[in-house]
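Worksheet: one structure, shown below.
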Amino acid sequence: MKAVRTMAMILTIICLSCTVTEVAAQRTGSAADARFDGHFHVSAAKGIHEAYLPVLFHSSHAANLLMLHNGDLLCFWFSGTEEGESNVAIVMARLPKGSEQWSKTVEIDHQAGKSFQNPVAFQTSSGRIWLLHTAQTAGKGQADAQVLYLTSDDLGQTWTHPKVLFKEAGSFTRHPPILLSEEKWLLPLYYTPSGSIVHGAVSHYSVIKATSDEGQSWKECRVSGSQGLVQPNIVELKHNFFVAFFRSRYADFIYKSESRDGCTWSVPVATRLPNNNSSIQVTMLKDRSLVLVFNNSSAG
């Protein structure tokens, strides 16, 4: 671990090289594997306790955590036969506050002929939980993907039926929004209009969706110069000053953009931090330091 001073902040860099274990489950995990029982145990890594969550299906990917106001921790991910295939579902497990045992994994949303991906959850000050995820036609790639949403008013015990939030073809989520107030949110989004990552990466680009009425209507703010840069991850460094970090389809570096209103963004520039076209995650600690988790490698 090393620290880099940037923008009068301390950015703590956690480099994950070699292998990265999914929070939700290993891709090769089996429901019959005794390790996947949700119990915490001492890891081979010094000072770490870990738990393998019970799996429902062969493949698991794109885990996202949400700490609820009551202290419970929810973990969402997508799981099925294989990414992009029919019936790939959004699933969830719960770690109650103070517990050492994750709950059984439950299926939240699935649909025959559709492949669901990239669940993103957040809780508003009213207590309502929003769950966003993508939905694409199975076996057709990402070009027709849309973003659906469900809500829960009982801490994730039950959910509404899914509705379309963003119908623009190729819409994709990966990171939760910044909740500036009960009504005003900034949601990072990206588009994959070509559907192909290998041959159409340059057509992929990032936007920020802004709402001032709790998600009833949205304004789209395109990030100029973000072709090939996806999955923007936003933090508010200080009042009305934001920074976004991007995954690179070019597998070269993590990129960075800044904004003073959350809608007008500077052209992203490469940092010195490598990226191998894998997801990154940044969050702000209580002391306002930033922690960035990434894979310490690139195609170069």
Side-chain angles (χ1 to χ4, degrees), residues 61-62 64 76 78 83-86 88-90 108-111 113-122 130-151 160-180 183-234 242 244-249 255 257 259 261-265 267-268 277 279:
H61 190 49
N64 249 316
F76 300 88
F78 69 84
E83 182 175 354
E85 297 302 317
S86 180
V88 173
I90 303 300
I108 301 297
D109 197 12
H110 87 281
Q111 182 181 339
K114 294 289 186 179
S115 183
F116 292 164
Q117 294 171 284
N118 291 13
V120 171
F122 60 98
W130 284 63
L131 174 62
L132 315 182
H133 67 78
T134 63
Q136 65 190 58
T137 303
K140 297 293 186 179
Q142 300 178 356
D144 74 346
Q146 298 179 326
V147 175
L148 308 185
Y149 78 101
L150 307 83
T151 61
T160 60
H161 291 292
K163 296 180 180 179
V164 175
L165 183 62
F166 302 122
K167 64 181 180 180
E168 295 86 353
S171 301
F172 254 78
T173 57
R174 187 63 181 98
H175 296 299
I178 292 180
L179 305 185
L180 301 177
E183 301 83 14
K184 298 177 66 175
W185 312 338
L186 295 178
L187 173 67
L189 198 78
Y190 65 106
Y191 288 110
T192 61
S194 68
S196 170
I197 295 177
V198 176
H199 301 294
V202 71
S203 71
H204 297 189
Y205 64 94
S206 292
V207 303
I208 307 301
K209 293 282 194 176
T211 179
S212 298
D213 53 17
E214 300 181 64
Q216 296 182 54
S217 62
W218 296 84
K219 175 183 178 181
E220 182 170 291
C221 308
R222 181 162 180 168
V223 181
S224 298
S226 64
Q227 290 80 8
L229 306 179
V230 297
Q231 300 181 358
N233 199 179
I234 311 172
F242 306 89
F245 296 93
F246 300 82
R247 170 181 179 171
S248 172
R249 292 296 194 209
Y255 284 71
S257 175
S259 174
D261 61 7
C263 191
T264 304
W265 292 83
V267 173
N277 191 21
S279 186

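All figures in this text were calculated on a predicted structure; none of them were measured in a lab. Computation of the quantities below employed the complete heavy-atom set of this structure, encompassing side-chain atoms and omitting hydrogens, waters and symmetry-equivalent molecules.
Leu148 and Ala135 get closest at one heavy-atom pair: CD1-CB, 3.7 Å. Minimum heavy-atom separation, Ala169 to Asp144: CB-CA, 4.2 Å. For the residue pair Pro268 and Ser224, the shortest heavy atom distance occurs at CD-O, 3.2 Å. The shortest non-hydrogen separation linking Glu83 to Ser115 is C-OG, 4.3 Å. Taking all atoms of both residues into account, the shortest heavy-atom contact from Ala138 to Ser86 is CB-N, 3.4 Å. Summarising the geometry of Pro119 relative to Asn64, their closest heavy-atom pair is O-ND2, 2.9 Å, with the distance given to 0.1 Å.
Taking CD1 of Ile178 as the start and NZ of Lys184 as the end, the distance is 12.0 Å to the nearest 0.5 Å. Taking OG from Ser248 and OH from Tyr255, the interatomic distance works out to 5.0 Å, rounded to the nearest 0.5 Å. For the atom pair CG (Asp261) and CD1 (Ile208), the distance works out to 11.0 Å, reported to the nearest 0.5 Å. Rounding to the nearest 0.5 angstrom, the gap separating the OH atom in Tyr190 from the CG atom in Leu229 is 12.5 Å. The CD atom of Gln231 sits 8.0 Å away from the CG atom of Asn277 when rounded to the nearest 0.5 Å. Expressed to the nearest 0.5 Å, how far CZ of Phe116 lies from CD of Gln111 amounts to 5.0 Å.
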query = Given the rule in the side chain to side chain contact (heavy atoms under 4.5 Å, CB included) test, do Leu187 and Leu132 qualify, once you have shown the distances and angles that lead to the verdict?
reply = CA-CA 11 Å; Leu187 173 67; Leu132 315 182; 3.8 Å; yes
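In this structure, Asp109 contributes its side chain and Pro162 its backbone to no donor-acceptor pair below 3.5 Å. A distance-only check finds a donor-acceptor pair linking the side chain of Thr211 to the backbone of Ser217 [under 3.5 Å]. A donor-acceptor pair is defined here as one N or O able to donate and one able to accept, closer than 3.5 Å; such a pair exists between the side chain of Thr173 and the backbone of Asn118. No donor-acceptor distance shorter than 3.5 angstrom exists from the side chain of Ser257 to the backbone of Ala244, with no hydrogens or angles considered. Side-chain atoms of Ser259 come within 3.5 Å of backbone N or O of Thr264 as a donor-acceptor pair. A donor-acceptor distance shorter than 3.5 angstrom exists from the side chain of Thr160 to the backbone of Thr151, with no hydrogens or angles considered. Between the side chain of Ser226 and the main chain of Ser206, a donor-acceptor pair closer than 3.5 Å is present. No donor-acceptor distance shorter than 3.5 angstrom exists from the side chain of Ser203 to the backbone of Pro193, with no hydrogens or angles considered.
Annotation: side chain of His175 is in contact with side chain of Ser279 (closest heavy-atom distance under 4.5 Å). Glu214 has its side chain within reach of Trp185: a pair of non-hydrogen atoms, C-beta onward, lies under 4.5 Å apart. Counting heavy atoms from C-beta on, the side chains of Leu179 and Trp130 never come closer than 4.5 Å.
Using cut-offs of 30° and 60° on the angle between ring planes, the pair Trp218 and Phe166 is perpendicular. Between Tyr205 and Tyr191, the two ring planes are tilted [angle within 30° to 60°].
Of the options Gln136, His133, Gln146, a side chain to side chain contact (heavy atoms under 4.5 Å, CB included) to Phe172 is made by Gln136 and by none of the others.
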